[in-house]
Amino acid sequence: MEKALVRNASYTHFILDGFTDLGELRPLLFIPYFFMFILSIAANSFLLYIIISTRALHSPMCILIAIMACVDLCLPLFFAPNMLVSLAFNIREISLGGCLVQMFGIHFVGAFLSTLLLWMALDRYFAICTPLFYHKRMAFRSFLSFVIPPVIRNVLVNTLMVGLAGKRTFCLNTMNHCFCEHMALVQLSCDDVSINNLVGLLNIFSVPVADFVLISASYVVIFFSIFSKSGKPNMKAINTAMTHIIVMIVHLSFALIAFLSYRVRNDFSQSSRVFLSSMYLLFPNCFNPIIYGIRTNEIRKQVLKCVGFPSTE
């Protein structure tokens, strides 16, 4: 009877307990996280301003980069302000509803970023492998056929994952994290969470892994097309493709490390896992606008012009 009462008394508020093992050093983490948050907001806002205000940058590729900047601008807003308040003022409580909203926002926007990398790979595939049909295939109506199916997939998979997590009965309310991560929440459940683990794996393999396979296949075909043509390889095409590959590697490397730190037996401390999870969400948002600003020739020229430095090209 007592066990049944415990199972029926589910917690609806949780304590985000990330980095508490650092003791008095915990508030000092506010400084680097705040700096990265401001850098992410400033860099992505500046990149958006450059692309929107420059008519010459309104090509499909640059529009996709602008969409990525919007995504990188939005993602930290779901977790960074709450995490910064927790670090600075030790306010760590969050409701179940707020937790689920934060979880859905993080996972959906993260999935959208993965899918966006796939769209960028398609853009490069059409531009390099089928240049005569590029504008036809990148026209708005034609490109929607590539946009809608993965977005529907992302919504369904993430809604299922978050919905199942919200239906759990929670016997514990202290979450070893700084924001609502899926596995960190479901591990507080009274019951078996095998179905949640399965849906979490489904999310991983149906979104980032599936996108990664399609992206990799696209770039294999792209590089085969570039180097199989007679004459000197198109260095601009290679440079653009390499920029996308660098961004993809950084994004997926952090995602894989964060994923494995929770699901594979290891000697990582709890704070190390929390750090890896937060870097997976925050570091690429700072890195992406910088790498695109440096490596994309058209954007780099406009950035140099905007800040008052003469372009050497």
Side-chain angles (χ1 to χ4, degrees), residues 10-45 69-113 154 158-159 161-163 165-166 168 170 172-189 196 200 203 251 254-255 257-259 261-262 269-288:
S10 179
Y11 283 103
T12 58
H13 287 76
F14 302 93
I15 304 298
L16 297 171
D17 206 35
F19 296 122
T20 51
D21 54 341
L22 297 180
E24 295 180 355
L25 296 177
R26 184 177 185 269
L28 296 179
L29 290 174
F30 173 86
I31 298 172
Y33 277 113
F34 180 73
F35 173 76
M36 291 187 71
F37 177 60
I38 293 300
L39 176 61
S40 172
I41 297 297
N44 285 293
S45 298
C70 286
V71 173
D72 288 338
L73 196 60
C74 293
L75 183 57
L77 299 177
F78 281 102
F79 72 95
N82 188 62
M83 184 173 71
L84 291 171
V85 168
S86 172
L87 292 172
F89 304 107
N90 203 33
I91 301 173
R92 297 180 290 161
E93 186 173 306
I94 189 169
S95 67
L96 176 60
C99 184
L100 295 175
V101 169
Q102 186 182 70
M103 185 192 303
F104 181 82
I106 290 171
H107 283 279
F108 178 72
V109 176
F112 191 84
L113 180 59
N154 296 351
N158 285 292
T159 300
M161 183 181 73
V162 175
R168 288 283 145 198
F170 300 101
L172 302 172
N173 74 330
T174 301
M175 197 184 309
N176 292 317
H177 222 296
C178 278
F179 53 87
C180 283
E181 199 271 339
H182 176 247
M183 287 306 299
L185 176 64
V186 299
Q187 285 171 356
L188 306 180
S189 174
N196 298 87
N203 193 336
H251 174 74
F254 274 92
I257 293 170
F259 172 77
S261 70
Y262 275 93
S269 67
Q270 193 59 46
S271 290
S272 298
R273 293 191 181 96
V274 175
F275 174 77
L276 289 171
S277 294
S278 59
M279 285 298 102
Y280 152 59
L281 295 175
L282 200 52
F283 180 79
N285 299 330
C286 301
F287 177 82
N288 292 346

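One is the number of the first residue; the rest follow in order along the sequence. The basis for the numbers below is simple: all heavy atoms, side chains too, and nothing from hydrogens, waters or symmetry mates. Note that this is a predicted model, so its numbers are computed, not measured.
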query = Between Gln102 and Phe78, is there a donor-acceptor pair closer than 3.5 Å when you use the side chain of the first and the backbone of the second?
reply = yes
Sub-4.5 Å side-chain heavy-atom contact between Asp17 and Thr20: yes
Of all heavy-atom pairs linking Leu185 and Cys99, the shortest is CD2-SG, 4.1 Å
Heavy-atom check, side chain of Arg168 versus side chain of Asn196, under 4.5 Å: yes
| message | Does any part of the side chain of Ile94, heavy atoms only, come nearer than 4.5 Å to the side chain of Cys180, both counted from C-beta? | response | yes
Heavy-atom closest pair (Thr174 atom, Leu188 atom, distance to 0.1 Å) is O-CD2, 3.3 Å
CZ (Phe19) and CZ (Phe30) are apart, to the nearest 0.5 Å, by 14.0 Å
Item checked: Distance-only side-chain donor-acceptor flag, Ser278 / Arg273, under 3.5 Å -> no
So CG of Leu113 and CG of Leu75: to nearest 0.5 Å the spacing works out to 7.5 Å
Any side-chain heavy atom of Ser45 within less than 4.5 Å of one from Leu73?
yes
So Leu87 and Pro27, do their side chains get closer than 4.5 Å, heavy atoms only? no
So CG of Asn288 and CZ of Phe283: to nearest 0.5 Å the spacing works out to 9.0 Å
Query - Asn285-Asn44 side chain donor-acceptor pair, cut-off 3.5 Å - result: no
Between Gly166 and Leu100, the two heavy atoms sitting closest are CA-CD1, 3.6 Å
CG (Leu172) and OG (Ser189) are apart, to the nearest 0.5 Å, by 9.0 Å
Correct closest heavy-atom pair for Pro284 and Asp72 would be O-OD2, 4.4 Å
Minimal heavy-atom distance between Met161 and Gly200, with the atoms involved, is SD-CA, 4.3 Å
Note to self: I want to check something: taking the side chain as every heavy atom from C-beta on, are Phe37 and Leu77 in contact at a cut-off of under 4.5 Å?
What the structure shows: yes
Heavy-atom closest pair (Asn90 atom, Arg92 atom, distance to 0.1 Å) is OD1-NE, 3.3 Å
(message) Does the plane of the ring in His182 sit parallel, tilted or perpendicular to the ring in His107? Use 30° and 60° as the thresholds.
(response) perpendicular
Rounded to the nearest 0.5 Å, the CZ atom of Phe14 sits from the NE2 atom of His177 at a distance of 14.5 Å
query = Is there a side chain to side chain contact (heavy atoms under 4.5 Å, CB included) between Leu16 and Cys178 once you walk through the steps?
reply = CA-CA 5 Å; Leu16 297 171; Cys178 278; 5.8 Å; no
Next on the checklist: Is there a ring-ring contact (aromatic ring centres under 6.0 Å, His included) between Phe179 and Phe79? Walk through the geometry before answering.
Outcome noted: CA-CA 6 Å; Phe179 53 87; Phe79 72 95; 5.2 Å; yes
Taken to the nearest 0.5 Å, the spacing of Met36 CE from Leu84 CG works out to 11.5 Å
